[in-house]
2 protein chains.
Amino acid sequence: MTYEHAIYENVFTALADPTRRHIFEALRARPQTVGELAADQPVSRPAVSQHLKVLETAHLVSVEPQGNRRLYKIKRDGLEELRTYLDGLWSDALFAYGAEIANRIKMKTE
Amino acid sequence: MTYEHAIYENVFTALADPTRRHIFEALRARPQTVGELAADQPVSRPAVSQHLKVLETAHLVSVEPQGNRRLYKIKRDGLEELRTYLDGLWSDALFAYGAEIANRIKMKTE
DNA sequence: CATGTTCGTAAGTCATTACTTACCGTAAGC
DNA sequence: GCTTACGGTAAGTAATGACTTACGAACATG
């Protein structure tokens, strides 16, 4: 648990923060520099830098240094990992079944 | 942002916590009471109660009181909301296109 | 009834995290 | 060269969150 870090785990925490979601969604439009991203956010530029770092370790964005600046763009890997995890939950047949089985517990078993 | 709360927002925060993911995954097997869930977790029973509350507001689980106990089971709504949100990101044509457009920024446009 | 379970909630603590300002390195532009 | 723009990192603070124990309400059981 502590030394086995799945990517989707980081994706959840990365996208759990509203500011990070906004940054990520802003990058959907086009790759952007830190300054551009910060201009659209209510927080400071260093804060955006820190958020980008989190998004990067979640494989949601990647950087491409261009001279003075650093151009961030969306990366598919993070969302793919997340989708795979969700598919695992989805495909479980017990999912829809869960509602029915509830009655079985009425008489205490133990 | 503060008075427009989308469900997927809560789903991200709900599943960002490892303990809550474990509880949620445990419920995939079958509906369970709070005590049963707590027995499988390294945290106290009240902690599990609090986690269940978070999962409930994210529409990931639902409760069904049965006499003395409360039977929790998985609810589809939360994951469906999440999936819809992810599909919105996925289907974006600019997604794959983003890598190409990067070069356009080379000369600063202002 | 009186006692046991079961579980939600309150209150307080400790760790995490999101944010700020200050600073430094590096590339660009006179 | 010197100065300005860009952005990562450090350090400190304030807010959030995950946990504990203590308690009380509601049903179950003798």
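Computed from heavy atoms alone, side chains included, the values below leave out hydrogens, waters and symmetry copies. Just so it is clear: chains get the letters A, B, ... in the order the sequence lines come, proteins before strands, and each one is counted from 1.
- When the local axes at the two ends of the helix from C:dT5-D:dA26 to C:dC30-D:dG1 are compared, using 5 base pairs at each end, they differ in direction by 30° after rounding to 10°.
- Residue A:R69 has no polar side-chain atom (N or O) positioned under 4.0 Å from OP1 or OP2 of D:dA5.
- Residues A:V54 and A:I7 fall into different hydrophobic clusters, defined by Ile, Leu, Val, Met, Phe, Trp and Tyr side chains chained together at heavy-atom separations under 4.5 Å.
- Note that CG of B:L82 and CZ of B:F12 are 5.0 Å apart. Values are rounded to the nearest 0.5 Å.
- A side-chain donor-acceptor contact under 3.5 Å links A:E36 to the backbone of A:T33.
- For the pair A:V63/A:L71, no side-chain contact is recorded, criterion being any heavy-atom separation below 4.5 Å from C-beta on.
- Between B:T33 and the phosphate of C:dC7, there is a side-chain N or O to OP1/OP2 separation shorter than 4.0 Å.
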Please tabulate, for the side chains in residues 14-21 of chain A, all donor-acceptor contacts under 3.5 angstrom to protein atoms that are two or more places apart in sequence or on a different chain.
unit_1, atom_1, unit_2, atom_2, d
A:D17, OD2, A:T19, N, 3.1
A:D17, OD2, A:R20, N, 3.1
A:R20, NE, A:A14, O, 2.8
A:R20, NH1, A:H51, ND1, 3.2
A:R20, NH2, A:T13, O, 3.1
A:R21, NH1, A:L15, O, 2.7

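- The side chain of A:S44 contributes an N or O atom lying less than 4.0 Å from OP1 or OP2 of C:dT20.
- Legend: residues meeting side-chain hydrogen bond (donor to acceptor under 3.5 Å, both in side chains) with A:Y85, ordered by chain and number and at least two apart, are B:E25.
- Proximity of A:K73 to A:S62: side-chain heavy atoms (C-beta onward) are separated by under 4.5 Å at one or more points.
- Put simply, CG on B:N10 is 11 Å from P on D:dG17, counting in whole angstrom units.
- Taking atom CD of A:E36 as the reference point, atom P of D:dC6 lies 10 Å away to the nearest angstrom.
- Between the CG atom of A:L71 and the P atom of D:dC6 there is a distance of 14 Å, given to the nearest Å.
- Not counting sequence neighbours, the partners of A:R83 by the salt bridge (Lys or Arg N to Asp or Glu O under 4.0 Å) test are B:D87.
- The closest side-chain heavy-atom distance from B:V34 to B:R69 is not below 4.5 Å.
- For D:dC6, the OP1/OP2 oxygens have no side-chain nitrogen or oxygen of A:Y72 closer than 4.0 Å.
- Rounding to whole angstrom units, NE2 of residue B:H22 and P of D:dC19 are separated by 11 Å.
- Here C:dG12 is in the anti range [glycosidic angle more than 90° from 0].
- Look at CD on B:Q32: it is 11 Å from P on C:dC7, rounded to the nearest Å.
- Of the residues in residues 45-59 of chain B, those placing a heavy atom less than 4.0 Å from an atom of DNA chain D are B:P46, B:A47, B:Q50, B:H51, in numerical order.
- The side chain of A:T13 contributes no N or O atom lying less than 4.0 Å from OP1 or OP2 of C:dT17.
- Screening A:D77, A:I23, A:L27 against A:V61 for a side-chain contact (heavy atoms from CB on, under 4.5 Å) leaves a single residue, A:L27.
- Side-chain contact between B:Q41 and B:H22 is present, with heavy atoms from C-beta onward closer than 4.5 Å.
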Inset, instruction - For each nucleotide in nucleotides 24-30 of chain C, reading 5' to 3', give B when a protein heavy atom comes within less than 4.0 Å of its base, S when such contact involves only the sugar-phosphate, and - otherwise. - result: --BBS--
